[in-house]
Amino acid sequence: MNQDKNRNNLADFNLFAVSAGLKETALNTFQTLDTGFLVDKGMIMTKKRKSETDAGLARGMEEESELFFLGDSFEYGIKFPMMQAQHLAFGLAYALGACASTAYGIGRAHAITPLLALDMPGFSAAQRYGKTIGKRRAASNYIDQLSLACARDAWATLDLSIKATGKHEDTVYEEKVSAAYNVVSLTLAANGVAGADAPERLANIHAVYAIDPVGGQRVYTEPTAASVAVPAVISVTAIPASDITVTDWYIQYVPVEPAWATFPAKIDEPPLRTTDCSLVVGGKLSAGDIVGGYAIQEDIKTLTYQVTNAMDMGPRMGGTGTYSNHARRGGRQQIIKLDQEMRNWILEREWSKGSYFGAKISLLGAEFETGKNYGGTLIFPRLGIVDKTISVDGKVLAEAGDLRVLEDGTNLTAYAKVWNLETSYAQ
């Protein structure tokens with residue numbers, strides 16, 4: 001279509017927003033978008049459509065002849081290559097499930113813990129594709145996996161693997177209009193076309209086609225204008241035919257946008273650097289903190305904390321068949337992966353003994369008030385080393401270990417706290 005070149009499709013203009021502060025009140029119920037996030041430019045909310053053909057049936061022909069639609073879903077990743085405290089709070093609140101926020105100077109302290117229930121909080125999410133291509137909102141997004149990583153001389157990063165039920169809505173709409181096959185204008189039923197001026201309105205007409213009354217095929221034609229009126233009148237290039245038979249016309253366009261399509265502003269926080277990170281292992285939980293143990297800092301090459309929720313989602317009885325009506329986590333698993341220079345025998349001994357111990361990961365960034373920093377801590381009362389290796393990295397010895405977060409029968413498996421200026425998460 002000629003007007004395609006008038007749409008800005010640069011990925012630099014992509015926008016992404018979520019309902020960070022408020023969780024959805026029920027499955028497949030949209031929540032208000034309240035936070036815009038600065039995410040990796042390559043992040044796309046990817047829709048998956050399940051379908052089957054009539055293969056395997058005796059159809060009287062060799063190849064498949066029908067396609068059956070079995071529902072939508074979303075699977076995508078949210079990548080924060082320069083993680084901020086707000087990203088950490090959002091990710092942990094929706095990955096672990098329980099968040100309680102209290103005053104912390106002029107800011108807020110968000111205490112986040114694992115939810116014992118299997119029904120996790122879900123959030124709504126929306127993306128703008130390019131500057132003028134279209135916008136999409138998806139309901140009931142869940143964090144299937146969270147991965148927090150700190151590497152030498154780099155920004156702390158956060159990767160969230162998302163699964164969503166598939167319920168969604170787009171700002172690009174298709175409308176059917178009955179009109180003669182040789183018309184030069186079409187009137188929409190009720191909507192206007194989005195756009196502040198004539199060129200912008202024309203660019204918001206994505207396609208116009210008619211069904212040939214004789215052959216039944218689609219015949220596309222060029223839109224030439226969209227009026228400012230509501231309902232809008234769409235002017236089109238006449239199809240070269242004298243047939244005045246009334247047929248079905250289809251117009252794909254962006255109507256005057258709904259409220260949700262106005263994205264909230266991004267929040268500005270300083271990103272967290274690996275130099276802001278520290279690890280204490282071998283201690284014990286006491287009065288809400290890890291006491292004892294020893295600190296590992298400059299020897300760390302990479303440190304990763306991972307939460308896996310194993311979200312079980314899909315269509316069940318009583319649903320619509322167009323998207324999932326079931327979302328529940330499987331068994332939660334938490335792992336810490338540590339790769340560091342080997343300077344002592346402590347971890348090797350702990351592994352050989354099969355010891356259990358506590359640990360604390362700290363990320364403290366810039367101050368937002370004297371003595372109060374953007375950042376967070378993660379406390380694990382009970383860990384064990386599942387696997388460990390010794391190797392040579394260049395000219396020095398290195399050791400890498402997988403530490404499993406374990407239950408101790410008394411405490412929760414993790415206690416996180418994040419500090420910033422935002423009111424709350426996943427409430």
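- At a threshold of 4.5 Å between non-hydrogen side-chain atoms, the residues I300 and C150 do not count as touching.
- Heavy atoms from other residues, nucleotides or ligands lying under 6.0 Å from NZ of K301 number more than 12.
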Original post:
For L403 and F380, what are the C-alpha separation, side-chain angles and deciding distance, and is it a side chain to side chain contact (heavy atoms under 4.5 Å, CB included)?
Top reply: CA-CA 11 Å; L403 286 66; F380 308 98; over 6 Å; no
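- The backbone N or O of T237 sits nowhere less than 3.5 Å from a side-chain atom of T224 that would complete a donor-acceptor pair.
- For the atom pair L88 CG and W419 CH2, the distance stands at 10.0 Å (nearest 0.5 Å).
- Note that R128 lies outside the cation-pi zone of F13, set by a 6.0 Å cut-off to the ring centre and a 45° limit from the axis.
- In the displayed structure, D268 atom CG is contacted under 6.0 Å by at most 12 heavy atoms of other residues, nucleotides or ligands.
- Remark: side-chain polar atoms of Q86 are paired, donor with acceptor, to backbone N or O of I267 under 3.5 angstrom.
- Applying the salt bridge (Lys or Arg N to Asp or Glu O under 4.0 Å) test to pairs two or more places apart or on separate chains, those with a residue in residues 133-151 are K135-E257, R136-D170, R137-E169.
- The minimum heavy-atom distance between D34 and A20, with the atom names listed, is OD1-N, 2.8 Å.
- The closest donor-acceptor contact from the side chain of D212 to the backbone of Q217 lies at 3.5 Å or more, if one exists at all.
- Contact annotation: the side chain of V18 approaches that of F90 to within less than 4.5 Å [non-hydrogen atoms, C-beta and beyond].
- Under a 3.5 Å cut-off, the side chain of N14 and the backbone N or O of G130 do form a donor-acceptor pair.
- Between the N309 side chain and the I143 main chain, a donor and an acceptor come within less than 3.5 Å of each other.
- I44 has its side chain out of reach of Y76: every pair of non-hydrogen atoms, C-beta onward, lies at least 4.5 Å apart.
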**OP:** Check step by step if side chain to side chain contact (heavy atoms under 4.5 Å, CB included) holds for N191 and V230.
**Re:** CA-CA 6 Å; N191 292 331; V230 179; over 6 Å; no
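- Other residues, nucleotides and ligands contribute over 12 non-hydrogen atoms within 6.0 Å of the CD atom of Q333.
- Counting heavy atoms from C-beta on, the side chains of D408 and L285 never come closer than 4.5 Å.
- Surrounding CG of L118 are more than 12 heavy atoms belonging to other residues, nucleotides or ligands, all under 6.0 Å away.
- Side-chain N/O atoms of T308 and Q145 include a donor and acceptor closer than 3.5 Å.
- Side-chain atoms of L27 and Y323, non-hydrogen and from C-beta on, never get closer than 4.5 Å to each other.
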**OP:** May I have the step-by-step check of side chain to side chain contact (heavy atoms under 4.5 Å, CB included) for L421 and I106, ending in yes or no?
**Re:** CA-CA 7 Å; L421 299 177; I106 64 170; 4.1 Å; yes
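- Closest heavy-atom contact between N182 and A238: O-CB, 4.4 Å.
- No donor-acceptor distance shorter than 3.5 angstrom exists from the side chain of S362 to the backbone of S278, with no hydrogens or angles considered.
- Atom-to-atom distance recorded for I239:CD1 and T221:OG1 is 5.5 Å, nearest 0.5 angstrom.
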Subject >> Verdict with supporting geometry, E399 and K388, salt bridge (charged side-chain N to carboxylate O under 4.0 Å, His left out) >> reply: CA-CA 7 Å; E399 57 182 347; K388 184 180 176 297; 2.8 Å; yes
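- Note that the CG atom of D387 and the CZ atom of R404 stand 10.0 Å from one another [nearest 0.5 Å].
- Side-chain contact between W249 and V183 is present, with heavy atoms from C-beta onward closer than 4.5 Å.
- In this structure, H87 and F37 have perpendicular ring planes: the angle between them is above 60°, well past the 30° mark.
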Original post:
Would I162 and Y142 count as a side chain to side chain contact (heavy atoms under 4.5 Å, CB included) if you check the C-alpha gap in whole Å, the side-chain angles of each, and the deciding distance to 0.1 Å?
Top reply: CA-CA 6 Å; I162 307 299; Y142 294 90; over 6 Å; no
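- No donor-acceptor pair under 3.5 Å is formed between the side chain of N204 and the backbone N or O of V254.
- Checked by atom type, the side-chain pair S19/E24 shows no donor-acceptor distance below 3.5 Å.
- Under the 4.5 Å side-chain criterion, counting only non-hydrogen atoms from C-beta, M83 is in contact with L363.
- For G331 against A310, the heavy-atom pair with the smallest separation is O-CB, 4.4 Å.
- Between A89 and I112, the shortest heavy-atom contact is O-CD1, 3.7 Å.
- With a 4.5 Å cut-off on side-chain heavy atoms, I78 and M43 count as touching.
- Q334 and T413 form a side-chain donor-acceptor contact under 3.5 Å, judged by distance and modelled atom types alone.
- Sequence neighbours left out, not one pair with a member in residues 372-382 passes side chain to side chain donor-acceptor pair (under 3.5 Å).
- Heavy-atom neighbours of E369 CD from other residues, nucleotides or ligands within 6.0 Å: above the threshold of 12.
- The environment of NZ in K79 is sparse: at most 12 heavy-atom neighbours from other residues, nucleotides or ligands sit within 6.0 Å.
- Checked by atom type and distance alone, the side chain of E269 pairs as donor or acceptor with a backbone atom of A85 at under 3.5 Å.
- Without hydrogens or angle criteria, R332 side chain to P114 main chain gives no donor-acceptor distance under 3.5 Å.
- Across all non-hydrogen atoms, the minimal contact from T187 to P231 is CG2-CG, 4.3 Å.
- Ring orientation note: the planes of F368 and Y104 are nearly perpendicular, at an angle over 60° on the 30°/60° scale.
- The shortest non-hydrogen separation linking W260 to A126 is CZ3-CB, 4.2 Å.
- Within a 6.0 Å sphere centred on CG of L116, other residues, nucleotides and ligands contribute 12 heavy atoms or fewer.
- No hydrogens or angles considered: nothing links the side chains of N141 and Y94 as a donor-acceptor pair under 3.5 Å.
- A side-chain donor-acceptor contact under 3.5 Å links Q31 to the backbone of K23.
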